[in-house]
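Here the structure is laid out as structure tokens; the discussion comes afterwards.
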Amino acid sequence: MSALRSLDQRRAASAYAYAASAADLDRAQKLPAMLQINGLLATWAFFLSNEETPLLDALLGHLRSLPELTVPEGDAKEVFLHWIGGPAGANGGIGGSLLRALTAEGLAWSVWLKRAAEARAENGAPHA
């Protein structure tokens with residue numbers, strides 16, 4: 001049955017599942033703006049530097065569900081290093097087309113996450 005679900009339904013299901021179990025949804029509500037302003041790589045680095053990996057893990061799980069995005073195995077830091085070409089950037093990293101596709105999908109998922117966080121807050125659950 002899941003094969004019949006649209007991409008938007010899959011985004012929504014993934015985002016709502018994360019929002020239902022997340023302790024802190026403040027960043028989740030800010031994620032779409034962060035991605036729009038800073039892009040995927042800078043936003044990802046920000047979350048890594050603050051050790052906020054549960055949100056990255058949820059996004060990573062969604063991105064991995066789309067085989068065309070070719071997201072490698074590993075944790076959020078390992079994937080980030082792959083994307084930028086290693087610790088020193090010497091391996092070239094991923095191309096612009098793939099980075100744009102990853103960013104667009106991350107943004108689309110984050111909009112659903114924001115909606116889920118807002119719905120949870122409206123239902124009385126703490127979000128910050």
Side-chain angles (χ1 to χ4, degrees):
M1 182 79 167
S2 66
L4 299 176
R5 293 184 350 175
S6 72
L7 179 54
D8 222 29
Q9 287 172 311
R10 291 169 39 204
R11 288 175 185 139
S14 172
Y16 272 79
Y18 174 75
S21 63
D24 180 3
L25 291 173
D26 185 53
R27 294 269 194 226
Q29 290 182 305
K30 296 175 182 172
L31 185 58
M34 292 175 73
L35 288 169
Q36 285 179 323
I37 294 166
N38 303 311
L40 180 69
L41 296 179
T43 300
W44 203 277
F46 172 80
F47 282 109
L48 284 176
S49 70
N50 290 300
E51 298 182 11
E52 297 180 46
T53 57
L55 180 58
L56 291 181
D57 292 340
L59 176 53
L60 196 52
H62 172 69
L63 294 175
R64 282 192 176 125
S65 76
L66 304 171
E68 65 275 14
L69 295 178
T70 63
V71 177
E73 292 302 314
D75 65 18
K77 182 178 179 181
E78 292 168 332
V79 171
F80 176 76
L81 290 175
H82 168 78
W83 286 341
I84 64 167
N91 295 333
I94 60 173
S97 295
L98 181 54
L99 180 56
R100 283 187 294 280
L102 287 162
T103 303
E105 188 55 39
L107 182 58
W109 182 85
S110 72
V111 169
W112 276 109
L113 181 61
K114 181 179 179 184
R115 291 176 185 156
E118 289 168 346
R120 185 171 164 200
E122 287 173 10
N123 289 327
H127 70 280

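Please read all numbers here as calculations on a predicted model, not as lab measurements. No hydrogens, no waters, no symmetry mates; every other heavy atom, side chains included, goes into these values. Nothing fancy with the numbering, it's 1 onward along the sequence.
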Min side-chain heavy-atom separation [X]-[Y] under 4.5 Å:
{"X": "Glu105", "Y": "Arg11", "value": "yes"}
{"X": "Trp83", "Y": "Leu102", "value": "yes"}
{"X": "Lys114", "Y": "Val111", "value": "no"}
{"X": "Ser65", "Y": "Arg10", "value": "yes"}
{"X": "Leu113", "Y": "Leu55", "value": "yes"}
{"X": "Ser110", "Y": "Leu59", "value": "no"}

Closest heavy-atom pair and its distance - [X], [Y]:
{"X": "Gly106", "Y": "Leu63", "result": "N-CD2, 4.2 Å"}
{"X": "Leu69", "Y": "Ala101", "result": "CD2-CB, 3.8 Å"}
{"X": "Ala28", "Y": "Ala117", "result": "CB-CB, 4.5 Å"}

Intermediate values then yes/no, side-chain contact (heavy atoms from CB on, under 4.5 Å), Phe47 and Thr53: CA-CA 7 Å; Phe47 282 109; Thr53 57; over 6 Å; no
Hey, is the main chain of [Y] close enough, under 3.5 Å, to the side chain of [X] for a donor-acceptor pair?
{"X": "Arg120", "Y": "Ala22", "result": "yes"}
{"X": "Glu78", "Y": "Asp75", "result": "yes"}
{"X": "Thr43", "Y": "Met34", "result": "yes"}
{"X": "Ser6", "Y": "Gln9", "result": "yes"}

Heavy-atom neighbours of Glu68 CD exceed 12 at 6.0 Å: yes
hydrophobic_cluster_shared for Leu66 and Tyr16, side chain cutoff 4.5 Å: no
Calculate, to the nearest 0.5 Å, the distance between atoms [atom1] and [atom2] belonging to [X] and [Y] respectively.
{"X": "Asp26", "Y": "Gln29", "atom1": "CG", "atom2": "CD", "value": "6.5 Å"}
{"X": "Trp44", "Y": "Ile84", "atom1": "CH2", "atom2": "CD1", "value": "12.5 Å"}
{"X": "Leu31", "Y": "Glu52", "atom1": "CG", "atom2": "CD", "value": "10.5 Å"}
{"X": "His82", "Y": "Glu73", "atom1": "NE2", "atom2": "CD", "value": "11.5 Å"}
{"X": "Ile94", "Y": "Leu99", "atom1": "CD1", "atom2": "CG", "value": "4.5 Å"}

Full working for side-chain contact (heavy atoms from CB on, under 4.5 Å) between Arg64 and Val79: CA-CA 11 Å; Arg64 282 192 176 125; Val79 171; 3.3 Å; yes
Geometric class of the Trp109/Tyr18 ring pair [parallel <30°, tilted 30-60°, perpendicular >60°]: tilted
Stepwise side-chain contact (heavy atoms from CB on, under 4.5 Å) check, Asp8 with Trp112: CA-CA 9 Å; Asp8 222 29; Trp112 276 109; 3.0 Å; yes
